[in-house]
*Asks:* 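Sending over a structure as structure tokens; questions will come in a sec.
It should be emphasised that the depicted structure is a prediction, and the values quoted were computed from it without experimental measurement.
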Protein chains: 2
Amino acid sequence: MKRAKQKIFQDYIAKQGLKSTRQRDIILDAFLSSDRHLSIEELYLKLRAKHPNIGYATVYRTLKLFADSGIAREIQFGDGQTRYEHVTEGEHHDHLVCTECGAIIEFENESIEKLQDEVAVAHGFLIKHHKLELYGLCAKCRP
Amino acid sequence: MKRAKQKIFQDYIAKQGLKSTRQRDIILDAFLSSDRHLSIEELYLKLRAKHPNIGYATVYRTLKLFADSGIAREIQFGDGQTRYEHVTEGEHHDHLVCTECGAIIEFENESIEKLQDEVAVAHGFLIKHHKLELYGLCAKCRP
DNA sequence: ATGCTATTGATATTCACTTTCAGCAGACAG
DNA sequence: CTGTCTGCTGAAAGTGAATATCAATAGCAT
Ligand SMILES: [Mn+2]
Ligand SMILES: [Mn+2]
Ligand SMILES: [Zn+2]
Ligand SMILES: [Zn+2]
């Protein structure tokens, strides 16, 4: 899983004529070792402990590269921070977001996806991507 | 329709001990006369033609008031601008967003809403609100 | 009309990116 | 291995939208 994504990124780097660097390796490892939906700031701070010399701008640019290479995706939950999540080829999921504790739960629902396609067809619309987020209280936070 | 929302806003103003002002009336009228999904900037510029003395900050604050009163809702389509749309009591809709021309199409789908509730129940989650947006090309923009 | 507050509009500030640029470091030819 | 070319890095500056500040103004109850 982690190896596969490292491979995808290395291949992307090579194909684009970019360079493999110490920083990119470190940031990739930190990103893949986290299963959360991290903001740039969060990943930057997490890295600072062991690698105080890596700059915020490098984390920022490297996460963009991850998205370009296909191993990550930008996502916004409306809290003013852009987050990056893992992307696995052929998989898709949407999110439940707890407005109390910030927990993010992933789910897949093929029926909803189908109905979305039907809505699009009914409007002559061609879907490229979509965003489905259910906000509320998770099992731990509900009264 | 327009009258009903004006009433809701006046009542809200009264109940909160706020004041009825010339600016709020003008901005309310401009907002209700537009059926689009306007950003603060857009509404501000639209107003400037007839009311050059109304400030951006007032438009910003007044739109927040509209949202507080229940006649408007903040919405983000990921273009970096917060937009405000009309809210009608007891109604709900989601959006198709054309990434080419910016067109926004509204739709309602009770089956999708039901499935969302089922997903929430399955995870012990209590939904407060949700966000469903289908991004792609509208009928006019698709190849 | 008076006085108390809320409101306004210009401006300053904040926040999260995003860009800039001089020095640095991979990659590769020789 | 060494030089050179070119992309990369990190600190700092810049950007743009949202939000806060504050002195002057304007509702509104008395
Ligand atoms: Mn996810
Ligand atoms: Mn709408
Ligand atoms: Zn929670
Ligand atoms: Zn279109």
Side-chain angles (χ1 to χ4, degrees), chain A residues 9-31 37-69 72-84 102, chain B residues 9-31 37-69 72-84 102:
Chain A
F9 185 63
Q10 309 304 350
D11 289 353
Y12 176 80
I13 287 291
K15 196 180 307 176
Q16 301 291 314
L18 304 176
K19 289 174 180 170
S20 168
T21 70
R22 204 176 58 82
Q23 287 89 337
R24 286 176 180 166
D25 290 345
I26 291 168
I27 297 169
L28 178 57
D29 189 63
F31 176 68
H37 298 76
L38 293 172
S39 67
I40 304 166
E41 182 80 16
E42 284 169 348
L43 186 52
Y44 169 64
L45 292 177
K46 184 178 167 183
L47 279 166
R48 277 236 299 210
K50 278 199 186 295
H51 306 281
N53 48 327
I54 291 184
Y56 176 94
T58 300
V59 176
Y60 160 76
R61 286 181 293 230
T62 304
L63 283 172
K64 285 245 181 268
L65 270 188
F66 292 168
D68 292 343
S69 75
R73 178 191 301 130
E74 277 191 10
I75 191 164
Q76 315 255 168
F77 290 129
D79 64 345
Q81 300 239 138
T82 296
R83 293 172 184 286
Y84 286 83
Chain B
F9 186 63
Q10 308 304 352
D11 290 354
Y12 176 80
I13 287 291
K15 196 179 306 176
Q16 301 292 312
L18 304 177
K19 289 174 180 170
S20 169
T21 69
R22 206 176 57 82
Q23 287 90 336
R24 286 175 179 167
D25 290 345
I26 292 168
I27 296 170
L28 178 57
D29 189 63
F31 177 68
H37 299 73
L38 292 172
S39 66
I40 304 166
E41 181 79 17
E42 285 169 349
L43 186 52
Y44 169 64
L45 292 177
K46 183 178 167 181
L47 280 166
R48 276 236 300 211
K50 279 199 184 294
H51 306 280
N53 48 328
I54 291 184
Y56 176 94
T58 301
V59 177
Y60 160 75
R61 286 181 294 229
T62 304
L63 283 172
K64 286 246 183 265
L65 270 188
F66 292 168
D68 292 343
S69 76
R73 177 191 301 129
E74 277 191 12
I75 191 165
Q76 316 254 168
F77 290 129
D79 64 345
Q81 300 240 138
T82 297
R83 293 171 184 286
Y84 285 84

*Asks:* Picking from D/dG7, C/dT19, D/dG27, which would you name as closest to the side chain of B/R22?
*Replies:*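 Given the options D/dG7, C/dT19, D/dG27, the side chain of B/R22 is closest to D/dG27.
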
*Asks:* Tell me: CG of B/L45 to C1' of D/dG16, nearest whole Å?
*Replies:*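 After rounding, the gap between these two atoms is 14 Å.
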
*Asks:* Tell me: CG of B/D79 to P of D/dA17, nearest whole Å?
*Replies:*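 In whole Å, D/dA17 P lies 10 Å from B/D79 CG.
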
*Asks:* Please report, rounded to the nearest Å, how far the C1' atom of C/dA16 is from the CG atom of A/L38.
*Replies:*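 Distance check: A/L38 CG to C/dA16 C1' gives 16 Å.
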
*Asks:* Can you tell me the distance, in whole Å, between the CD atom of B/Q81 and the P atom of D/dT19?
*Replies:*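 The answer, rounded to whole Å, is 13 Å.
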
*Asks:* Give me the atom names and distance for the closest heavy-atom approach of A/I13 to A/S20.
*Replies:*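 Shortest heavy-atom separation between A/I13 and A/S20 comes out as CG2-N, 4.1 Å.
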
*Asks:* Find the distance between CZ (B/R24) and OG1 (B/T58) and round it off to the nearest 0.5 Å.
*Replies:*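 If we round to the nearest 0.5 Å, B/R24:CZ and B/T58:OG1 are 9.0 Å apart.
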
*Asks:* Enter the distance from B/L38:CG to B/L43:CG here, rounded to the nearest 0.5 Å.
*Replies:*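 If we round to the nearest 0.5 Å, B/L38:CG and B/L43:CG are 5.5 Å apart.
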
*Asks:* Under 4.0 Å between a side-chain N/O of B/R24 and OP1 or OP2 of C/dT8, yes or no?
*Replies:*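 Indeed, a polar side-chain atom of B/R24 lies that close.
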
*Asks:* State which of D/dA26, C/dT8, C/dT19 makes the closest approach to the side chain of B/Q23.
*Replies:*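 Of all the options, the side chain of B/Q23 is nearest to C/dT8.
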
*Asks:* Could you check whether B/F66 and B/F31 have their ring centres less than 6.0 Å apart?
*Replies:*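 Here the rings of B/F66 and B/F31 have centres that are less than 6.0 Å from each other.
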
*Asks:* Side-chain donor-acceptor pair under 3.5 Å between B/T82 and B/Q76, yes or no?
*Replies:*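 Yes, because at least one side-chain N or O of B/T82 sits under 3.5 Å from a partner of the opposite role on B/Q76.
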
*Asks:* So, does A/T21 get its side chain near the phosphate of D/dT9, meaning an N or O under 4.0 Å from OP1 or OP2?
*Replies:*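 Yes, because at least one side-chain N or O of A/T21 sits under 4.0 Å from OP1 or OP2 of D/dT9.
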
*Asks:* For the side chain of A/K19, counting heavy atoms from C-beta on, which of D/dA18, D/dT9, D/dT6 is nearest?
*Replies:*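 Minimum distance to the A/K19 side chain belongs to D/dT6.
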
*Asks:* In whole angstrom, what separates A/R61's CZ from D/dG10's P?
*Replies:*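 Rounded to the whole Å, the gap is 8 Å.
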
*Asks:* Consider the side chain of B/Y56, meaning its heavy atoms from C-beta on, and name the nucleotide among D/dT19, D/dA20, D/dG10 that approaches it most closely.
*Replies:*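 Nearest to the side-chain atoms of B/Y56, counting from C-beta on, is D/dT19.
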
*Asks:* On the nucleotide C/dT18, are OP1 or OP2 found under 4.0 Å from the side-chain N or O atoms that A/K64 carries?
*Replies:*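 Yes, within the criterion.
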
*Asks:* Heavy atoms from C-beta onward define the side chain here; which of C/dC17, D/dA18, D/dG10 lies closest to that of A/I40?
*Replies:*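 Nucleotide nearest to A/I40's side chain: C/dC17.
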
*Asks:* Within this structure, what is the OH-to-P distance between A/Y84 and C/dA16, rounded to whole angstrom?
*Replies:*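 Whole-Å distance recorded here is 15 Å.
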
*Asks:* On DNA chain C, nearest-nucleotide positions of A/T82 versus B/I13: which is more 5'?
*Replies:*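 Nearer the 5' end of the strand: B/I13.
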
*Asks:* May I ask you to evaluate whether A/Y60 reaches the phosphate of C/dT18, defined as a side-chain N or O under 4.0 Å from OP1 or OP2?
*Replies:*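 So the side chain of A/Y60 is within the cut-off, an N or O lying under 4.0 Å from OP1 or OP2 of C/dT18.
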
*Asks:* Measure from the side-chain heavy atoms of B/S20 and tell me the nearest of C/dG9, D/dA11, D/dC28.
*Replies:*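 It is D/dC28.
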
*Asks:* Among the candidates C/dA16, D/dA11, D/dA17, find the nucleotide nearest to the side-chain atoms of A/A57.
*Replies:*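 For A/A57, the side-chain atoms sit closest to D/dA11.
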
*Asks:* I need the CG-C1' distance between A/L63 and C/dA16, as an integer number of Å.
*Replies:*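 Rounded to the whole Å, the gap is 14 Å.
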
*Asks:* Kindly give the heavy-atom pair with the smallest separation between A/L63 and A/Y84, and that separation in Å.
*Replies:*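 Looking at all heavy atoms of both residues, the closest pair is O-CE2, 3.5 Å.
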
*Asks:* What is the separation between atom CG on A/L18 and atom P on D/dC5, rounded to the nearest whole Å?
*Replies:*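 Those two atoms, CG and P, are 21 Å apart.
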
*Asks:* Taking the nucleotide of DNA chain D with the nearest heavy atom to each, does B/E74 or A/P52 sit closer to the 5' end?
*Replies:*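 Nearest nucleotide further toward 5': that of A/P52.
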
